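Because the structure is predicted, anything quoted here is derived from the model rather than measured. Naming: A, B, ... by sequence-line order, numbering from 1 per chain.
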There are 2 protein chains.
Amino acid sequence: MAPTSETLTAARILEATEEVLRRHGPAKATVVDVARALGVSHGSVYRHFRTKAALREAVTERWLDRTSASLSGIAAGDRDPEARLRDWFTALFTAKRHKAGDDPELFATYMVLIGENSAVVDRHIADLTGQLTEIVQDGVGRGVFTSAAPATTARALFDATGRFHDPCYARDWEQPGIETEFDAVVELVLRGLRA
Amino acid sequence: MAPTSETLTAARILEATEEVLRRHGPAKATVVDVARALGVSHGSVYRHFRTKAALREAVTERWLDRTSASLSGIAAGDRDPEARLRDWFTALFTAKRHKAGDDPELFATYMVLIGENSAVVDRHIADLTGQLTEIVQDGVGRGVFTSAAPATTARALFDATGRFHDPCYARDWEQPGIETEFDAVVELVLRGLRA
DNA sequence: CAGCTGACAGATATTGAAATCTGTCAGCTG
DNA sequence: CAGCTGACAGATTTCAATATCTGTCAGCTG
């Protein structure tokens, strides 16, 4: 990466770190590599991120937030709650499957980062179940869903569909028949949700 | 382990292999260790198992079969299908949680073995979903469940409850609140199953 | 002669010395 | 003087030599 003379910002460091991770993988990506990519000394990187772990955590958070953001539009709409729920899970599954299938090495890299940063992952899951809670609450309000505790139900929906969004199942996402399994699970939980 | 003068059988080798795995862990357990534990030369072990991988596969299969066997009793009963389903999942979750919690090191060992032997795992899952299919079919026959394709529904039930039996979630099984999450998911899918 | 042994070749794992990396900080530079 | 540099100590990783293991098989033993 060509050293530019722009100010060194956290954003530029994150960009460079993603590139270094893409190139070298999680095991060999070093802070020195990131500094070299930016044309600065590694001491400068430590001015913006206290440790290598903090830098990797920030990269992980950015990656997860991109998924959350793309789903929030579906959750926030005012369409039929059941259709929104179906679309939301389909969008989540499709997004994850493409991330895993299109660039397996990069996905493997992010799986390592996710393993290192469980606090960030927990926040991400709280964010996603929050979106689900919105949909469930809306459905209950309109009388099309039944739920004594929307947040608990939202979490149950998220857990029940884990096979189609949890990275630990990524290898199954290319298997034939996975679509059928997805439809069967979504159908089952939607039936369980209807008023 | 004291060398006995009994005949060397596959069963005795499997027993010794489990012990060696328990003691040394999956990375350091060698065929030579197993032979030493039995007081024979390692060549003798190769008379009963073609390769080290075949030996580890047999150990893995035995371990998984113990779980299947303990559940088949619940599946085969003639009690209320909904109660049987609830009990079956509870028994599966409880068994897995104890295996993981009571001896974490041994459980980690078996997680490595499971990763090495996906064919055995696939057979195990087919076995468990087969038991679920029995219960679903029985429920449909009695008019308490609805399912167009019991085998597909059984698989959906298994997938939807993955968080409470798939080893990749083992670290969550000690978390407070996991019982509540389990109940929420089981309730949700049972509601979806009722006629 | 059925079952076991132990030496062997090639593959894999261990080890420890050398190289690299992380995180700090005194001092340089624009 | 705010931001960057680069040398440094301790921690971690790499690499190549060494040791151990896997799988085979000719021959031993009861």
Side-chain angles (χ1 to χ4, degrees), chain A residues 1-60 105 108-109 112-113 115-117 120, chain B residues 1-61 105 108-109 111-113 115-117 120:
Chain A
M1 183 168 280
T4 71
S5 53
E6 285 171 50
T7 333
L8 188 61
T9 61
R12 284 188 64 220
I13 293 173
L14 289 177
E15 204 68 53
T17 306
E18 280 190 1
E19 179 60 21
V20 167
L21 281 165
R22 184 175 284 116
R23 275 223 170 80
H24 297 45
K28 290 188 182 174
T30 71
V31 175
V32 171
D33 290 330
V34 173
R36 189 169 22 241
L38 289 162
V40 298
S41 81
H42 74 281
S44 301
V45 173
Y46 280 97
R47 175 164 301 278
H48 291 85
F49 295 93
R50 266 203 305 286
T51 64
K52 183 187 184 181
L55 176 57
R56 289 165 79 112
E57 185 179 303
V59 169
T60 308
E105 269 187 70
T109 293
V112 171
L113 293 184
E116 287 170 359
N117 296 287
V120 173
Chain B
M1 183 169 282
T4 71
S5 53
E6 285 171 51
T7 333
L8 188 61
T9 60
R12 284 188 63 222
I13 293 172
L14 288 177
E15 205 67 54
T17 306
E18 280 190 2
E19 179 60 21
V20 168
L21 281 165
R22 197 186 314 277
R23 276 223 169 79
H24 296 48
K28 289 189 183 173
T30 72
V31 176
V32 171
D33 289 331
V34 173
R36 189 168 23 238
L38 289 163
V40 298
S41 81
H42 74 281
S44 302
V45 173
Y46 280 97
R47 176 164 301 279
H48 292 85
F49 295 92
R50 268 203 306 285
T51 63
K52 182 187 185 183
L55 175 57
R56 288 165 79 112
E57 186 180 303
V59 170
T60 308
E61 191 158 38
E105 268 188 71
T109 293
M111 282 190 58
V112 171
L113 293 183
E116 286 171 0
N117 296 286
V120 172

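Following rounding to the nearest Å, A:R47 (CZ) and D:dC1 (P) show an atom-to-atom distance of 15 Å. Computed from coordinates, the A:K28 NZ to C:dT22 C1' distance equals 18 Å when rounded to whole Å. Following rounding to the nearest Å, A:R36 (CZ) and C:dC21 (P) show an atom-to-atom distance of 7 Å. For A:H42 and D:dC4, the NE2 to C1' distance is 12 Å, given to the nearest whole Å. Separating the OH atom of B:Y46 from the C1' atom of D:dC25 is a distance of 14 Å, rounded to the nearest angstrom. What separates CG of B:L8 from P of C:dC4 is a distance of 5 Å, to the nearest Å. Counting to the nearest Å, the P atom of D:dG3 and the CD1 atom of A:I13 are 13 Å from each other. Atom-to-atom, NZ of A:K52 to P of D:dT12 comes out at 11 Å; the value is rounded to the nearest Å.
In plain terms, the two heavy atoms of B:N117 and B:A53 that are nearest each other are OD1-O, 4.4 Å.
Comment: B:R12 does not engage B:E15 in a salt bridge, judged by the lack of any side-chain N to carboxylate O separation of less than 4.0 angstrom.
Here the side chain of A:V40 is nearest to one of C:dT5, D:dT5, D:dC4, namely D:dT5.
Pairing partner, D:dT18: C:dA13, with both Watson-Crick or wobble hydrogen-bond distances short of 3.5 Å. Under the Watson-Crick and G-U wobble criteria, each requiring two contacts below 3.5 Å, nucleotide C:dG23 is paired to D:dC8. Applying the Watson-Crick and G-U wobble criteria (two distances, each under 3.5 Å), D:dT29 pairs with C:dA2.
Between A:R56 and A:P26 the shortest side-chain heavy-atom distance falls below 4.5 Å. Within the 4.5 Å cutoff, no side-chain heavy atoms of A:V34 are placed close to those of A:T30.
Not one side-chain nitrogen or oxygen of B:T30 sits closer than 4.0 Å to the OP1 or OP2 atom of D:dT20.
At the heavy-atom level, B:V31 lies under 4.0 Å from the strands shown only through sugar-phosphate atoms.
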